[in-house]
Amino acid sequence: QVLLVESGGGLVQAGGSLRLSCADSRNIFSINAGGWYRQAPGKQRELVAEITREGGTNYADSVKGRFTISRDIAKNTLYLQMNSLKPTDTAVYYCNARGYVETMPWAETSYWGQGTQVTVSS
């Protein structure tokens with residue numbers, strides 16, 4: 001069973017930076033695409049950034065120019081570099097990764113991580 005784990009969240013002052021990581025802790029899932037989502041209290045989960053299998057990227061308007069999504073195929077890891085953080089970026093950040101489980105190489109599947117809290121103080 002794939003177990004995606006996010007890391008890198010925490011408390012940071014406005015203007016600071018954080019880098020989130022997302023990987024399968026059991027190392028049986030090859031990630032080739034995915035996205036980062038966030039959910040603030042009382043709000044719906046929203047897409048922050050996504051990367052396709054070809055390496056194309058897409059960002060929410062609210063984070064363009066500040067956040068960068070990337071992947072390391074060799075490490076099977078997705079990243080979200082967050083710079084110039086604002087209090088409005090405070091949320092739980094979730095990773096959604098797409099790829100292939102080693103026992104089912106014919107079927108692309110996707111999984112969600114458990115989320116990591118990002119809190120930006122003013």
Q: In sequence, state the C-alpha distance, the side-chain angles, and the governing distance for Y100 and F29, and then conclude on ring pair (Phe, Tyr, Trp, His ring centres under 6.0 Å).
A: CA-CA 6 Å; Y100 296 88; F29 185 55; 8.3 Å; no

Q) Between CZ of R71 and OG of S21, what distance do you get to the nearest 0.5 Å? A) 15.5 Å

Q: Could you point out which residue of V92, L80, L20 forms a side-chain contact (heavy atoms from CB on, under 4.5 Å) with T116?
A: L20

Q: For the residue pair N76 and D24, establish whether any side-chain heavy-atom pair is separated by less than 4.5 Å.
A: no

Q: Calculate, to the nearest 0.5 Å, the distance between atoms CG and OH belonging to D72 and Y79 respectively.
A: 5.0 Å

Q. Does K75 offer a backbone N or O that forms a donor-acceptor pair with the side chain of T77 under 3.5 Å?
A. yes

Q.
Give me each pair satisfying side chain to side chain donor-acceptor pair (under 3.5 Å) with a member in residues 48-59, each pair once, sequence neighbours excluded.
A. E50-N58, T52-E54, R53-E108

Q: Hey, could you give me each pair passing side chain to side chain donor-acceptor pair (under 3.5 Å) that has a residue in residues 30-41? Not counting sequence neighbours.
A: R38-E46, R38-S62, R38-D89, R38-Y93

Q. Is there a path from L78 to Y94 through hydrophobic residues (I, L, V, M, F, W, Y) whose side chains come within less than 4.5 Å of each other?
A. no

Q | Distance in Å, R66 CZ paired with S84 OG, rounded so as to fall on 0.5 Å steps | A | 7.0 Å

Q) Taking the side chain as C-beta and beyond, is there a heavy-atom pair between L18 and V118 under 4.5 Å? A) yes

Q.
Tell me the closest heavy-atom pair linking P87 and S122, and the distance in Å.
A. CG-CB, 3.9 Å

Q: Measure the spacing between CG of N27 and CG of L3 and express it to the nearest 0.5 Å.
A: 12.0 Å

Q | Heavy-atom closest contact (T90 atom, V120 atom, distance) | A | OG1-N, 2.9 Å

(Q) If you compare all heavy atoms of S110 against all heavy atoms of R98, which two are closest, and at what distance to 0.1 Å? (A) CB-CG, 3.7 Å

Q. Yes or no on side-chain contact (heavy atoms from CB on, under 4.5 Å) for L4 and W112, after CA distance, side-chain angles and deciding distance?
A. CA-CA 7 Å; L4 284 182; W112 287 93; 5.8 Å; no

Q) Which atoms form the tightest heavy-atom contact between E6 and G115, and what is the distance? A) OE1-N, 2.7 Å

Q: Measure the OG-CD1 distance between S70 and I73 for me, rounded to the nearest 0.5 Å.
A: 11.0 Å

Q: Kindly give the heavy-atom pair with the smallest separation between G35 and I69, and that separation in Å.
A: CA-CD1, 4.1 Å

Q: Might you point out which heavy atoms bring I31 and C22 nearest each other, and give the distance in Å?
A: CD1-O, 4.1 Å

Q.
Going by the rule salt bridge (Lys or Arg N to Asp or Glu O under 4.0 Å), which residues pair with K64 if we only count those two or more places apart in sequence or in a different chain?
A. D61

**Q.** CE on M104 to OG1 on T109, rounded to 0.5 Å
**A.** 5.0 Å

Q) Side chains of M82 and R19: closer than 4.5 Å at any heavy-atom pair? A) no

